[in-house]
Every structure is written in structure tokens, then in C-alpha cells.
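Quick notes on the structure that follows.
Quick note on labels: first sequence line is chain A, next is B, and so on, each numbered from 1.
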Amino acid sequence: MKAVCFVKSVPDTETRVRLTGNRLDKSEIKYILNPYCEFAVEEAVRKKEAGIVDEVLVISMGPSRAQEAIRSALAIGADRGVHIEDDNLDGSDAIVTARVLVEAFKKEGGLDNYQILLFGLRAIDGDTWSVPSMIAELLGIPAVTNIVKLDINGNKAIAIRMVEGGEEVFEVELPCVFAARKGLNEPRYPSLPSIMKAKKKPITRYTISDLGIPSDAVGKVGSFTEVLEYTLPPQRQAGKKVEGEPEQVVEELIKFLREVANII
Amino acid sequence: MVLVVAEAREGALRKPAKEALSEGRRMADKLGAKAVAVIIGEGVKTLLKEISGYGMDKIYVADSAFLKYYHPMAYARIISEVVAKESPKVVLMGGTQTGRDLMPRVAIRVGGGYAPDCTGYEINGDSIIAVRPAISGKVIVKVGFKKYPAFMVLRPNVFGVNEDIISVSSEVVEISFEPTEVERKQIVKEFSIKTAGRPELTEAEIVVSGGRGLKDAANFAMLEELADLLGAAVGASRAAVDAGWRPQSDQVGQTGKTVSPKLYMAIGISGAIQHLAGMSSSKYIVAINKDPDAPIFNVADFGIVGDLFKIVPVLIERLKKEKARS
């Protein structure tokens, strides 16, 4: 059995967003492998170490920096990478991204080759949480998103999905999409030898024409949505700050809760 | 026409579904259009009257034992069939885990643009523009739709629930359902509830959150007591979760949940940028921290510099007195 992880290069969680006019200023952003994708790759590699999976493929779409995200995944222990890079892809929305990723996946043999499809629940930049479900729909297979546990047994899996106020225990037949969240595992810090080894692992590169996708089906032209404008959220102002005896500051807090927040 | 996908659990409409139904009616009025709802589940026919009360002109209902729990493929197929019949301009759903899993499937299946986590929208002639945060709330994006229907998932706690019953006679359309062979390959074996009787974090009006300053798992009992006095949910910073003091499901921030309550109380939380990303859209923020330079004070409407172990017990006693009085 083989596993594939779909990963994304995203701005570091420390990033402070700046704008140039009404567009994002990307000049000083440092990029990392999306933290949620780390959980996905770690899970696939653990399944390989447990002898359940014999190959872990990593697929990423994005500009040249996506290579670094793929290398990070290879350092965790994935075997090889696929990088879809094409200037035409700039401005693609979630639906176009899902379609392109599916074409690259099919080029690698698709569901005939890979039965476990792992994603991070969300990419912390676009935050649409949508590509895993969209790809499952395009491939006509089940998906369990937001999982905290994944057990594979032959061609079946038990996956626990965290929902508001509880957990759903899903039983599914493979192939299936799984989207990982925090709690599924604790991703390892790759050792220096693993990082060195990752540099030698193969990465296949595709352009959209390699995948048979016309340029007007991707990017801004092919997308179903378009970002019209970026703005910064309203800056919160520091309000009242008090210090003193507990009884006295609590009295002031009560006054705030009653008169301003209006909750008591 | 505005189509609202309602969601029920354990026989009751979920709060984000009520928000979506309320906003669906308001949006339909702005568009001069009809509002139609769809509800899927087992025993959901009992909810028809309540759904109708939100002013729905028509309600589609798929009621089957197979649909008791969320089933991505089956739910997506049913909603897609309704979309094909009704050709709505907009499809709305509340931003639950289910909403955020289901709507992308339907959007790509029927070929409409998708905007999740919406905190607002604009109607510009014939166009809908969705307003939503991205990069964990660090930026606000306006999203235009080039393909309709526009699929919008609404952030919980942002759009108000209409408490007045709108009296209309809703037409009810029953959808007959049989699972396909591939749909039978995915089932929910069990659903375990883990709420401790408190409101869900993402849906709560008030959130009481604790961080590293709590020093120990046992000290969260104090925050739970405070939360219960306020009818609040309990949240935690990443530090408190990583230390094993609180479950993952309590984490607020960039690698946890995003919350927009009316009141967020950050207790013993310094306010790292990743934490602020998950709670800075709260209406009011109260912070208690012993470090006067903690970044949480930069976003707090009311801050107390001091020892939380001295302040919180006094606050609890004071709120108890308040309760006894009312």
C-alpha cells in the first residue's frame, strides 16, 4: 500500500502581514511547511515505519519555494516529491488548486497506486480548509477531515474526527482522503543526516502542459472566485489597564462587564 | 434564491444553523428573492416547523437512518440535487466542522465559487462579494464570485439569530434517499460527546481562557468555576495544551480554534501573535496577567496587572454575590 501527502508552503506563523496598496506585500515573508501538513507527513511516515505503507509520495503546487516545503517533508521521511510549478498558476483559487493537484496525482498513477491520501486540515494562509474535501469529491472517494487518530487494517481504516463537542468514529474503505489536525501525532524534528538525505531524494517537476491542463483553466482566469482586495483588520486599541488590591480591581472589572460589555 | 443548508445534531438545530437561516432570510430580502432551506438527518422532520419560523419559503428534507450522522458523500449528493433543481444564487451554511467539510464538496461538484469563514458580505447589483479573514485573521479579504451559485460558509457568532418567528407557510419537499454502493463504504460507528456541559468553544458568547500562567492542570478548576458562573466555554493557549493541562480541542490560536465571542477573558496568557490570531476578532477582551508588558494588554479592552491566583478567586466570589442578588 502507498500513501501520498499533499503539502503547501505557507508564511511562518510569526509573520506580521503587510500590504502594498490593497495587495499583500510578500517581500519579507519567511515560508515554512504548513504546520498541519507536518502532521499529515508524520502520520504517513509512521505508517511506513510500521510496515503498513511502502512508499510516501509528497505533492505540492506552488512557486519555487514549494521545493523547500517538499524537502522538509522528505526530511521527515517521505520518499520522493512532485512539484507543480507554472507561472500561469498564480492567483488560482481552491477549486483550481484541487483540480491541478488531482491531475498531478493521476499522472503518478492515481488511485491505482495510492490508497491513503493525507492532507493537513488547513493551510494557515488561505485558511479555506477546502482542498482535501474537494479532491475527495473529484476522485469520488470518502474523506475524514480533522482527524486525531488513524488506524489502517487491510483495506479498511478507523479514523476519529474531532467535531464541536465530541468525536465521530468513522469506519471507511480505502482509498480515502484524511485531513490531519493537531493531536494526530507529534511531528519529529528531522535529524541532520535526515536533512542531508532529503537533499538527494528525487523531486519530479511538472508544468501545467505536462499535466494536459490549458492555461485558461488555471490562475486568475480559470478560478471561480477572485480576491478583490486585501485590508488589514481594524487595529485593536489597548483599553483600560488597572493595578491594585484584588477587591478593588475586581470591582472595576465588574463595572466594565456590566456597563461596557453588558454581560452581567 | 438563497439556499440555506441547516444542520441538526441530537435532534436540535445547531446554533450556527440558526445563524445561517436568519441571515439567509435577511439576504433573500435584500436580493428580493426566496429563501429555501434543506435539512438532512434522522428524525429531522420534527424540525420543519422551527425551520419554517425563520421565514423559509420552501424546505427540502431528507430523513433517513443512514443520514443520522454526517456523511460527506451522501450529504453532498443530496444538496447538489437540490441546487440543480433550484438554481440558487447563494448557498449558505454555518461554519461548523461539517459546514467546512461539506460545502467545498458541493461547490466543486456543481461548479460554484467557494468562500468560507465569512464575517460579512456586500451585494453589488447582481454580484455578491464575500468578506472573510485569511492568514489566521491577520488580513481581511474581499472575495468576488465568477461562478454562481456563490457558496458561503458563515463564521459562527458573527451573524445574529433572528428570535422573532416569521410566519410563512413553507412548502415541504421530501427527498427520497438510498445510499449508493460507494457511500456505504463510509460510516460513523459512534459519536462520543465530550462537552462537560459547557457551550462549544467556537459558538460560545463568552470564553474564559487560561495559559502558562495557570502553572498546573489542577488550577484550571478555578477557570472552570468562573466559566460556569458566566455560562462560558473554557479555552486554553497553546502552552497550556502542549503542557498537557488541557485537551487539544480547547486550544485557541493559529494551530487551534478561532473564536469570535462577545467576551474573551485571557487569564495568564501573554498573547503571542499565534494566540492573538485566534481571538482578536472577539468583541471585548479582558486580560489578567502579572507582566505589565505582556502583549495581550495591547489588544485588551480591560486589563488587570496582577496575580491571577489572588484576583480570580475574588472575582468568583464577587460573581456569586452578583448571581445571588439577581
(message) Sub-4.5 Å heavy-atom contacts with chain A: which residues of residues 144-151 of chain B show up?
(response) B/Gly144, B/Phe145, B/Lys146, B/Lys147
(request) Could you check which of A/Gly183, A/Ala98, A/Pro233 has the highest count of heavy-atom pairs closer than 4.5 Å to chain B? (result) A/Pro233
(request) Quick one: which of A/Ile141, A/Leu138, A/Leu121 has the most heavy-atom pairs under 4.5 Å with chain B, could you say? (result) A/Ile141
(request) Report yes if the side chains of B/Gln186 and A/Phe170 come closer than 4.5 Å at any heavy-atom pair, otherwise no. (result) yes
(request) In plain terms, say whether B/Arg100 and A/Asp127 are close enough for a salt bridge, that is, a side-chain N and a carboxylate O under 4.0 Å apart. (result) no
(request) Measure B/Lys310 against the heavy atoms of chain A and call it side chain, backbone, both or neither at under 4.5 Å. (result) both
(request) For residues A/Lys182 and B/Val241, determine if any side-chain heavy atom of one lies less than 4.5 Å from a side-chain heavy atom of the other. (result) yes
(request) Check whether B/Ile187 gets within reach of chain A through its side chain, its backbone, both or neither, counting any heavy atom under 4.5 Å. (result) both
(message) Taking side chain as everything from C-beta outward and backbone as N, CA, C, O, which of these in A/Ile135 sits under 4.5 Å from a heavy atom of chain B? Side chain, backbone, both or neither.
(response) neither
(request) Report, as yes or no, whether the 6.0 Å neighbourhood of atom CG on A/Asp90 holds more than 12 heavy atoms from other residues, nucleotides or ligands. (result) no
(request) Heavy-atom pairs under 4.5 Å with chain A are the metric here; pick the option from B/Ala76, B/Ala134, B/Gly112, B/Ala107 that has the most. (result) B/Gly112
(request) Select one option (side chain, backbone, both, neither) describing which atoms of B/Ser249 are under 4.5 Å from chain A's heavy atoms. (result) both
(request) Under the side chain to side chain contact (heavy atoms under 4.5 Å, CB included) rule, what do B/Asp101 and A/Arg161 come out as? Steps first, then yes or no, please. (result) CA-CA 11 Å; B/Asp101 187 87; A/Arg161 172 174 189 252; 3.8 Å; yes
(message) Rounded at 0.5 Å granularity, tell me how far CZ in B/Arg109 sits from CD1 in A/Ile95.
(response) 13.5 Å
(request) Please round to the nearest 0.5 Å and tell me the distance separating atom CG of B/Asp301 and atom CZ of A/Arg236. (result) 5.0 Å
(request) Compare all side-chain heavy atoms of B/Lys138 with those of A/Arg16 and state whether any distance is below 4.5 angstrom. (result) no
(request) Can you tell which part of B/Tyr69 gets under 4.5 Å to a heavy atom of chain A, answering side chain, backbone, both or neither? (result) neither
(request) Show your reasoning for whether side chain to side chain contact (heavy atoms under 4.5 Å, CB included) applies to B/Arg132 and A/Thr128. (result) CA-CA 10 Å; B/Arg132 63 176 299 258; A/Thr128 69; 3.9 Å; yes
(message) Counting only non-hydrogen atoms closer than 4.5 Å, does B/Ile273 touch chain A with its backbone (N, CA, C, O), its side chain (CB onward), both, or neither?
(response) side chain
(request) State, yes or no, whether a side-chain contact exists between B/Glu190 and A/Glu167 at a heavy-atom distance under 4.5 Å. (result) no
(request) Heavy-atom distances under 4.5 Å only: say whether B/Leu201 touches chain A with side chain, backbone, both or neither. (result) neither
(request) Pick whichever of B/Thr96, B/Leu230, B/Thr98, B/Leu276 has the most heavy-atom pairs under 4.5 Å with chain A. (result) B/Thr96
(request) Find the one option among A/Glu186, A/Met162, A/Lys156, A/Glu226 whose heavy-atom pairs under 4.5 Å with chain B are most numerous. (result) A/Glu226
(request) Identify which part of A/Ala159 has an atom lying under 4.5 Å from any heavy atom of chain B, answering side chain, backbone, both or neither. (result) neither
(request) Pick whichever of B/Ala277, B/Gly256, B/Gly306 has the most heavy-atom pairs under 4.5 Å with chain A. (result) B/Gly256
(request) Could you check which of B/Ile285, B/Leu319, B/Ile206 has the highest count of heavy-atom pairs closer than 4.5 Å to chain A? (result) B/Ile285
(request) Would you mind reporting whether A/Ile158 and B/Lys189 have side-chain heavy atoms less than 4.5 Å apart? (result) yes
(message) Taking 4.5 Å as the heavy-atom cut-off, does anything in residues 21-37 of chain A contact chain B, and if so which residues?
(response) A/Leu24, A/Pro35, A/Tyr36
(message) Donor-acceptor check, side chain of B/Lys142 to backbone of A/Val227, threshold 3.5 angstrom: yes or no?
(response) no
(request) Verify whether one side chain among B/Gln274 and A/Thr13 offers a donor that lies under 3.5 Å from an acceptor in the other. (result) yes
(message) Do A/Ser130 and B/Tyr114 have side chains that approach each other closer than 4.5 Å (heavy atoms only, starting at C-beta)?
(response) yes
(request) Considering only heavy atoms and a distance below 4.5 Å, find which of A/Ala94, A/Gly126, A/Ala123, A/Ala157 pairs most often with chain B. (result) A/Gly126
(request) Can you tell which part of B/Glu322 gets under 4.5 Å to a heavy atom of chain A, answering side chain, backbone, both or neither? (result) side chain
(message) Side chains of B/Val141 and A/Thr231, heavy atoms from C-beta outward: is any pair under 4.5 Å?
(response) no
(request) Examine whether an atom of A/Val221 lies under 4.5 Å from a heavy atom of chain B, and if so say whether it belongs to the side chain, the backbone or both; otherwise answer neither. (result) backbone
(request) Could you tell me which portion of B/Ala300 (side chain, backbone, both or neither) has an atom closer than 4.5 angstrom to a non-hydrogen atom of chain A? (result) backbone
(message) Given heavy-atom pairs under 4.5 angstrom as the criterion, report whether the side chain, backbone, both or neither of B/Val286 touches chain A.
(response) side chain
(message) If we define contacts as heavy-atom pairs under 4.5 Å, which of A/Gly239, A/Ser133, A/Gly244, A/Ala143 has the most with chain B?
(response) A/Ser133
(message) In the structure I gave you, are the side-chain heavy atoms of B/Tyr70 and A/Glu168 within less than 4.5 Å of one another anywhere?
(response) yes
(message) As an exercise: rank B/Arg184, B/Lys257, B/Met103, B/Gln251 by heavy-atom pairs under 4.5 Å with chain A and give me the winner.
(response) B/Gln251
(request) Against chain A, label B/Glu317 side chain, backbone, both or neither, depending on which of its atoms sit under 4.5 Å from a heavy atom there. (result) neither
(request) Identify the residues of residues 171-180 of chain A whose heavy atoms come closer than 4.5 Å to a heavy atom of chain B, ordered by number, or report 'none'. (result) A/Glu171, A/Val172, A/Glu173
(message) Can you confirm whether more than 12 heavy atoms, excluding those of B/Lys262, are under 6.0 Å from its NZ atom?
(response) yes
(message) For chain B, which candidate among A/Pro132, A/Ala136, A/Pro142 shows the most heavy-atom pairs at distances under 4.5 Å?
(response) A/Pro142
(message) Can you list the residues of residues 245-264 of chain A that sit under 4.5 Å from chain B, counting heavy atoms only?
(response) A/Pro246, A/Glu247, A/Val249, A/Val250, A/Glu251, A/Glu252, A/Leu253, A/Ile254, A/Phe256, A/Leu257, A/Arg258, A/Val260, A/Ala261, A/Asn262, A/Ile263, A/Ile264
(message) Would you compute the distance between atom CD of A/Glu164 and atom NZ of B/Lys15 and round it to the nearest 0.5 angstrom?
(response) 12.0 Å
(request) Could you give me the CA-CA distance, side-chain angles and deciding distance for A/Glu137 and B/Ser80, then say whether side chain to side chain contact (heavy atoms under 4.5 Å, CB included) is met? (result) CA-CA 12 Å; A/Glu137 185 63 33; B/Ser80 300; 6.0 Å; no
(request) Show your working on side chain to side chain contact (heavy atoms under 4.5 Å, CB included) between B/Ile135 and A/Val10 and close with a plain yes or no. (result) CA-CA 9 Å; B/Ile135 320 187; A/Val10 298; over 6 Å; no
(request) Please look at B/Pro116 and chain A and tell me whether the side chain, the backbone, both or neither of the residue comes under 4.5 angstrom of a heavy atom of that chain. (result) side chain
(message) So which residue, B/Lys323, B/Arg14, B/Glu183, ends up with the most heavy-atom pairs under 4.5 Å with chain A?
(response) B/Arg14
